Protein chains: 2
Amino acid sequence: MALRLADHIGIENVSMRKLAAELGVTAMALYRYYGSVDEIQVAALALAFTEVDTHPIPGERWDDTIRRTTSSIREMYLNHSTAHLHTVESTGADPGMEEHIQRVYKLHEDQGIPAPILRKAWRIIDAYMGGFILGETDEVQHRSKLPHEETAETWRETAAGAYSEETFHDGIEIIIAGIRAMAEPDPCDWHTPEDPR
Amino acid sequence: MALRLADHIGIENVSMRKLAAELGVTAMALYRYYGSVDEIQVAALALAFTEVDTHPIPGERWDDTIRRTTSSIREMYLNHSTAHLHTVESTGADPGMEEHIQRVYKLHEDQGIPAPILRKAWRIIDAYMGGFILGETDEVQHRSKLPHEETAETWRETAAGAYSEETFHDGIEIIIAGIRAMAEPDPCDWHTPEDPR
DNA sequence: ACCTGAACACCGTTCAAGT
DNA sequence: ACCTGAACACCGTTCAAGT
């Protein structure tokens, strides 16, 4: 499959010809199933997203759901860091990605988060995740070939060590705090309903 | 120059051969000045970043500095939205980008923000900016060719309208609020010093 | 010093042709 | 229905050769 090949050589190097060769077939045969090489890329990305933990946990609080799902997404990208999935330009309009977005959205909707809060929270988390993953996978990529000076200035240190699990959670906590501040005076005790049956 | 050509055809379509033709020269001549096509891309990105407003304003408060510089970066990317600069993979290690990072970092350092606060704030803002710009420029790109259904479900609406000036500022405000919460009980009255001369 | 031409090893995609 | 071969119009990059 395209994702396995991407793990080996990077998604940007998955060409019609190489993928076809891997499948023991000619490149042109792939056009029966995918319209272009970009379509194969977003299909591989959507497949990777099926590995993300988005199942509902009865009684789970909304902020714990955010911590769990965002961590799972980050881990998925790290697991496939050699595949450079962050370089895939997904419009979000393709069916595989839509399914994932819808699943997470429903999770929070069912928790009873008011729609305007959810909208704003969604947007900032989406942007933060995208940026963090972009930066972190790039850094994982280039870390080894950096000069790694001991006498680095503070600003350089900050820019270079910008990505780690701790940093990721710091950001998520800041955002959760910001959402609480935004929702005031709502006590924010939204949570996944207990299993009704 | 490469940036002008990128504005016309998109940076990902700026090839050695096309750029050389534009300059009335052969593609191979460019290798005297740039080692590869990727080098030309980050040079174009660095050039675009010189358009960003990062000058110090005596007396300006730290949060206003954040609002000003982040807005300016976003506007720069929007001004060059046809160039798809967000697709450029910059390691941050190239001289042009380093200069920009250093300038903004010093701005906040001179305001007296404590180093640990600045580090955390920098990281989350960097990630948020990266993700927002990635999402917004992609959306600007694909907006016209989306189905644009009137009967869209809420989740789809949220994902689609995720990027606008208002949304951008909402996110920045949430982050600023989060930084204040993180710094407590510090009153956070950091600001650019008055001109000493 | 600076530029060129030809070449190499690739791409994505189309399309008529095969079974 | 599904796959192939050949072709087209591109790439980035190398390198010996020109002035």
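Convention: sequence-line order gives letters A, B, ...; per-chain numbering from 1. All figures in this text were calculated on a predicted structure; none of them were measured in a lab.
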**Item:** DNA chain D stem ranges, 3 or more consecutive Watson-Crick or G-U pairs under 3.5 angstrom
**Value:** C:4-8 with D:12-16, C:12-16 with D:4-8
**Message:** I'd like to check B:Glu136 versus B:Glu165 (side-chain heavy atoms, cut-off strictly below 4.5 Å). Are they in contact?
**Reply:** no
**Prompt:** Side chain of A:Ser164, backbone of A:Thr167: donor and acceptor closer than 3.5 Å?
**Reply:** yes
**Asked** What does B:Tyr34 touch in the nucleic acid at a heavy-atom separation under 4.0 angstrom: a base, only the sugar-phosphate, or nothing?
**Response** nothing
**Message:** Rounding to an integer number of angstrom, what distance separates C:dC3 and D:dC15 when you compare their C1' atoms?
**Reply:** 13 Å
**Asked** If we only count heavy atoms from C-beta on, is the B:Thr69 to B:Val52 side-chain gap below 4.5 Å?
**Response** no
**B:Arg67/B:Asp63 salt bridge by N-O under 4.0 Å criterion** = yes
**Asked** Can any side-chain N or O of B:Asp64 pair as donor or acceptor with the backbone N or O of B:Glu60 at less than 3.5 Å?
**Response** no
**Request:** For the pair A:His86 and B:Glu89, evaluate side-chain contact (heavy atoms from CB on, under 4.5 Å) and give the outcome as yes or no after the intermediate values.
**Result:** CA-CA 11 Å; A:His86 62 289; B:Glu89 302 227 22; 4.0 Å; yes
**Asked** Salt-bridged, B:Glu22 to B:Lys18, with N to O below 4.0 Å?
**Response** no
**Request:** Give a yes or no on whether the backbone of A:Arg61 and the side-chain of A:Thr65 come within a donor-acceptor separation of less than 3.5 Å.
**Result:** yes
**Request:** Identify the 5'-most and 3'-most nucleotides of DNA chain D with at least one atom closer than 4.0 Å to a non-hydrogen atom of chain B.
**Result:** D:dC11 to D:dT14
**Those residues of residues 6-20 of chain B lying under 4.0 Å from DNA chain C by at least one heavy atom** = B:Arg17
**Side-chain donor-acceptor contact under 3.5 Å, A:Ser71 with A:His169** = yes
**Asked** Taking atom P in both C:dA9 and D:dA9, what distance in whole Å separates the two?
**Response** 22 Å
**Message:** Does any part of the side chain of A:Gln41, heavy atoms only, come nearer than 4.5 Å to the side chain of A:Thr87, both counted from C-beta?
**Reply:** no
